[in-house]
Structure formats: structure tokens, C-alpha cells
Amino acid sequence: MSDTRPRVLLTQRQTTPVMQRIEQSFNIPAVPDQQMTTRELLDAARAFQPQAIMTATGLPLRGSDVLLLPDSVKVVATVSVGTDHLDIPALHARGIVVTNTPDVLTECNADMAMLLMLAAARRASEYGALMRGGWGRSLAMDELLGTRISGKRLGIVGMGRIGRAVARRARGFDMKVMYSNRRRLPADQEAGATFFSTVTDMLPHCDILSLHLPASPETDGMINADLLSRLPRGAIFINAARGALVDEDALIDALRSGQLAAAGLDVYRNEPNPDPRFLELPNVFLTPHVGSATVETRTDMGMMAVDNVEAVLAGRDALTPVQA
Ligand SMILES: NC(=O)c1ccc[n+]([C@@H]2O[C@H](COP(=O)([O-])OP(=O)(O)OC[C@H]3O[C@@H](n4cnc5c(N)ncnc54)[C@H](O)[C@@H]3O)[C@@H](O)[C@H]2O)c1
Ligand SMILES: O=C(O)[C@H](O)CO
């Protein structure tokens, strides 16, 4: 008997509870552990004629790729909140609904920003290297000192879901929080943070700068040499949003010159092969784009994507549609 369940193409495995639900509800072809390439996705879609595709960041679908998707595809559900890897207008033009996974990863990514902030401020990379080298001698009283984050001034760029969750955490560390956003938030959503109408105006007041806005043509490379030079000398830079927000040559220069004391980075322009110069900088704490990588959050994200696929294929509204 033929399988009448909805045909869904997964570009990579999800967590076990999500896979169990998918295997019960959908007709799926073989799923690779790691993310497919764009070419592999297009070939698999042509062969399988899916009604839905579940994908994620790291697999770009540009306008020319979207044109090659079969007409069977009704929904593309990305297991991520960020959608910069997808050409949304091109997908909409083909009548394909696009969904993402907001909210369920907010707290997890805010934790990641705090982890990067603490690790950069407290020289975690250097301590880790020292320990793995065997340690072997006592440190001088003023050797390898970090800086405390309590009492420091934190500037948040992009005060959306994650930016606000970072602001709440930072207040728990007695930090003075400022933010810059496209528009000022209502007072009850500001988490006690001070609004600056431009990033440029906020920078001279920041001991730590943390990015929480999407990558887009408007924000591409916005953190450049000019903006970095406006931070107080010895500031700390945190990016758990997107590598494309940053001019990485300028960031590396600032880290080499001491304009920045340290950085904590989860995201890079060229993933999964970041600029090798980052690896040579002792004052950078690096993680491999794992802002949402907890068992709980990855399962919540996968379940939300499945909810979206089921809704659209049943003719209902998507729970979390992405607008153009
Ligand atoms: N490292 C990770 O694994 C990871 C995990 C989750 C999210 N992210 C990134 O974090 C981003 C933010 O997620 P979110 O859920 O908080 O999104 P959100 O839409 O709730 O918040 C984004 C905020 O940025 C603001 N913004 C947009 N353009 C701006 C600009 N040019 N200048 C100033 N502010 C601007 C928006 O007004 C909004 O307040 C995502 O788009 C994604 O790229 C990364
Ligand atoms: O945008 C997101 O959700 C992350 O970058 C991927 O987990």
C-alpha cells in the first residue's frame, strides 16, 4: 500500500524526540546526520517531490535555488529564528510559506551571550590553554588578570527577544545596560536599559558591546573599523547573532591593537571555516555557532517546525510564519 502521509524532506537529523514524531507523522526519505549542501537539497527535492522541507541555518537557498524547487513544496520550515540563509521574497513569490522558530531559543541564546561575555572578560581561552599545557607554575598576583563584568556598562544592539533577555540577565550582574534598536521600546519592555537612537552615539559609553540583531543587506558589515574605534579603548565585543554583521578584518585589527581587550564569538562570516586569524588571537573566546545547542531548546525548535509543517499541510495558518 502506498504511503499517504505528507512527504517531508529533512536536510539533517533532528533530536530523538523530534525524529520519533516525524517518523510517525511523515513520509521521509533517508536523513543525513549533518546538514546537506544546497545542491544535495535540490537533487533530493527533485527526486522526492516533498510537500515540506525542514531546513536550518548553514544551508543557503538563494533566489536561483528557489526557482529549482519542485512545485510540490508548500512550506519551508527552518529550525532557526534567523532567516538570512533563505530568500524569503523568492519563496513567497513561488507561493511557499516560510516558518521559523522564534521565542523557544531566546533564553538559551541569551545564556550563550552571557557565557561569551564572562569567558571573554575572564580570559577563559588563555586559562584553558594554560591548563591544557600542564599549568606547572604559580601565577603572579597581577598575571593574566581579567576584568569583572559587574558594574560595567553593556551596550546591546538589537533589543528584540534575545536582546531583552540579555538585558534582564545583565541587570542580575549589576551591569548598567544601554540599547540601540530600530525604535525605542515601551518603558515596560526596556528592562531598565537606556535607549540610544544610534549605535554611534551609544558606543563611547560601552565597556562591553553585544550584538542581537538579524543579518540583512542593511546590517551587513555594520560593525566596521569606524564603529570599533568609537568604543572606549579596551572594550569587549560579543557576537552571538550573525558573522555577517561584522567586518572581520576590522575586528581582528582591533583585537591585535588592544582597541578591543577581548571578544567572545559564536558566529562568523565563513561558517564552518572561520577566518584562521581568529585562532591565533589569545584574547578571543570562540564557539562553533551553538547559541541554541541545548537538548531542551533543539527539541523545542524541532517540535515547533513540525507544528508549522503540520498546520500548513492541513490548510491551517502557520504558527510562526516569516513575513517578507
Ligand atoms: N548564535 C546563535 O545560535 C543564534 C541563535 C538564535 C538567534 N541568533 C541570531 O539572533 C538574531 C536575533 O534574534 P531575536 O529572536 O532576538 O530577533 P528579534 O527579531 O526579536 O530581534 C531583533 C531586533 O533587532 C532589531 N534590529 C533590526 N535591524 C536593526 C538595525 N539595523 N539596527 C538596530 N536594531 C535592529 C529589531 O528591531 C529587533 O528589535 C537572529 O536574527 C539570529 O540571527 C543566533
Ligand atoms: O538563528 C538561529 O536560530 C540560530 O542561529 C541557529 O540555531
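What you see is a predicted model, and the numbers here were worked out from it, not measured in a lab. Counting starts at 1 for both ligands and their atoms, in listed order.
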One residue to check: [X]. Relative to ligand 1, which of side chain, backbone, both or neither has a non-hydrogen atom less than 4.0 Å away?
X      : answer
Val81  : side chain
Met222 : neither
Pro214 : both
Asn109 : side chain

Item to check | Heavy-atom side-chain contact between Leu9 and Met54 under 4.5 Å | outcome: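 No, side chains not in contact.
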Checklist entry - Do Pro288 and Pro274 come within less than 4.5 Å of each other through their side chains, counting heavy atoms only? => result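 A side-chain contact under 4.5 Å is absent here.
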Checklist entry - What part of Ser292, side chain, backbone, both or neither, has a heavy atom within less than 4.0 angstrom of ligand 2? => result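 The answer is the side chain.
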Checklist entry - Where does Val267 meet ligand 2, judged by heavy-atom distances below 4.0 Å: at the side chain, the backbone, both, or neither? => result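 Neither part.
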Per-atom contacts of ligand 2 with [X], taking only distances under 4.0 Å to non-hydrogen atoms:
X      : answer
His289 : 4 (C), 5 (O), 6 (C)
Leu105 : 3 (O)
Gly82  : 1 (O), 2 (C), 3 (O)

Checklist entry - Has ligand 1 got any nitrogen or oxygen that is less than 3.5 angstrom from a nitrogen or oxygen of Val267? => result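 No.
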Next on the checklist: If I apply the N/O under 3.5 Å rule, does Asp266 come out as touching ligand 1?
Outcome noted: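 By distance alone, the answer is yes.
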Checklist entry - Between Arg277 and Ile252, is there a donor-acceptor pair closer than 3.5 Å when you use the side chain of the first and the backbone of the second? => result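 Absent.
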Item to check | Side-chain donor/acceptor of Ser150 to backbone N/O of Asp174, under 3.5 Å | outcome: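 It does not hold such a pair.
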Checklist entry - With only distance considered, is Thr57 within less than 3.5 Å of ligand 2 through an N or O on each side? => result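 Such a contact does not occur with ligand 2.
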Checklist entry - Which of these, Met301, Arg242, His289, has its nearest heavy atom closest to atom 43 (O) of ligand 1? => result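 The nearest heavy atom belongs to Arg242.
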Checklist entry - Where the closest heavy atom to atom 25 (C) of ligand 1 is concerned, which of Asp103, Asn181, Asn239 has it? => result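 Considering heavy atoms of Asp103, Asn181, Asn239, the nearest to atom 25 (C) of ligand 1 sits in Asn181.
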Checklist entry - For ligand 1, which atoms, with element, lie under 4.0 Å from some heavy atom of Ala240? => result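 Every atom of ligand 1 under 4.0 Å from some heavy atom of Ala240: 1 (N), 2 (C), 4 (C), 8 (N), 44 (C).
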Item to check | Output field: ring centroids Tyr179/Phe195 closer than 6.0 Å | outcome: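 Yes: the rings meet the under 6.0 Å criterion.
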Item to check | Identity and separation of the nearest protein heavy atom to atom 3 (O) of ligand 2 | outcome: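 That would be Val81 N, 2.7 Å.
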Item to check | side-chain hydrogen bond (donor to acceptor under 3.5 Å, both in side chains) between Ser292 and Arg298, intermediate numbers included | outcome: CA-CA 7 Å; Ser292 64; Arg298 285 283 166 84; 3.0 Å; yes
Next on the checklist: Looking at every heavy atom in both Leu42 and Asp65, which two are closest together, and how far apart are they?
Outcome noted: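 Closest heavy-atom pair between Leu42 and Asp65: CD2-O, 3.5 Å.
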Checklist entry - Would Pro102 count as a contact of ligand 1 if the rule is a heavy atom under 4.0 Å away? => result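 Flag not set, Pro102 not near ligand 1.
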